[in-house]
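Note sheet for the following structure.
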Amino acid sequence: IETHYYFFHNGGMLPVMLLVLLGAAIGTDPITVWVFRSRPFMVLGRISYLQYLMQHVLQGWIASTFGWQHNPVAQALFVPALLVFSYVCQRFVEKPYTEYQRWRLEQGIKGCDDWAIERLEGIFAKLACKSNR
């Protein structure tokens with residue numbers, strides 16, 4: 001088992017992984033194209049940023065609620081819980097908000113963020129005029 005561990009740990013699969021990724025990027029390998037365009041990979045791609053953002057939040061909550069150091073069950077369930085939590089956040093928070101922002105942009109409706117940006121642009125424009133004098 002140690003031989004396999006050292007092989008994988010020291011990058012023995014790296015050439016194979018690079019070929020798979022290269023084939024998928026070029027679009028010539030139909031198997032990798034099919035795999036990377038499958039529904040699970042598409043969902044993982046959509047939730048990957050939320051996984052990155054929420055990993056410490058969820059781990060902190062699990063640690064404070066259930067303990068982390070000596071709780072192998074919490075550690076084992078962390079990744080599935082992170083996937084579910086990220087999916088729920090993407091589906092019920094990020095996606096509706098993105099759709100709302102897109103609709104608002106299409107309708108030409110300004111929000112508080114637009115007001116703040118315009119206000120800051122005005123302040124910076126005045127400062128730039130003063131510094132050019």
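The structure presented is a predicted model; accordingly, all values stated were derived computationally and were not measured.
Val88 forms part of a hydrophobic cluster together with Val84, Phe92, judged by ILVMFWY side-chain heavy-atom separations under 4.5 Å. Residue Met42 shares its hydrophobic cluster (ILVMFWY side chains chained together at separations under 4.5 Å) with no other residue. Alongside Leu77, the hydrophobic cluster contains Val73 (criterion: ILVMFWY side chains under 4.5 Å).
Across every non-hydrogen atom of Ser48 and Gly45, the tightest pair is OG-O, 3.1 Å. The two residues Ala74 and Gly67 have their closest heavy-atom pair at CB-O, 3.8 Å. Annotation for Gln69 and Gln75: closest pair O-NE2, 3.6 Å, computed over non-hydrogen atoms.
Separation of atoms OG (Ser86) and CD (Glu94) is listed at 10.0 Å; rounding is to 0.5 Å. If you take CG on Leu44 and CD on Gln51, they are separated by 6.0 Å, rounding to the nearest 0.5 Å. A distance of 6.0 Å separates CZ in Phe85 from CG in Leu58, rounded to the nearest 0.5 Å. The distance from atom CG of Leu82 to atom CD1 of Ile62, rounded to the nearest 0.5 Å, is 8.5 Å.
Annotation: side chain to side chain contact (heavy atoms under 4.5 Å, CB included) contacts of Arg39 (sequence neighbours excluded): Val43. Trp103 is linked by a side chain to side chain contact (heavy atoms under 4.5 Å, CB included) to Tyr100, Gln107, Ile109, counting only residues two or more places apart in sequence or in another chain. Tyr97 is linked by a side chain to side chain donor-acceptor pair (under 3.5 Å) to Gln101, counting only residues two or more places apart in sequence or in another chain. Legend: residues meeting side chain to side chain contact (heavy atoms under 4.5 Å, CB included) with Leu127, ordered by chain and number and at least two apart, are Ile123, Phe124. Residues meeting the side chain to side chain contact (heavy atoms under 4.5 Å, CB included) test with Val57, sequence neighbours left out: Met54.
The stretch residues 110-122 participates, sequence neighbours left out, in these side chain to side chain donor-acceptor pair (under 3.5 Å) pairs: Arg104-Asp113, Arg104-Asp114, Lys110-Glu118. Applying the ring-ring contact (aromatic ring centres under 6.0 Å, His included) rule to pairs touching residues 53-73 yields Trp61-Phe66, Trp68-Phe78, sequence neighbours excluded.
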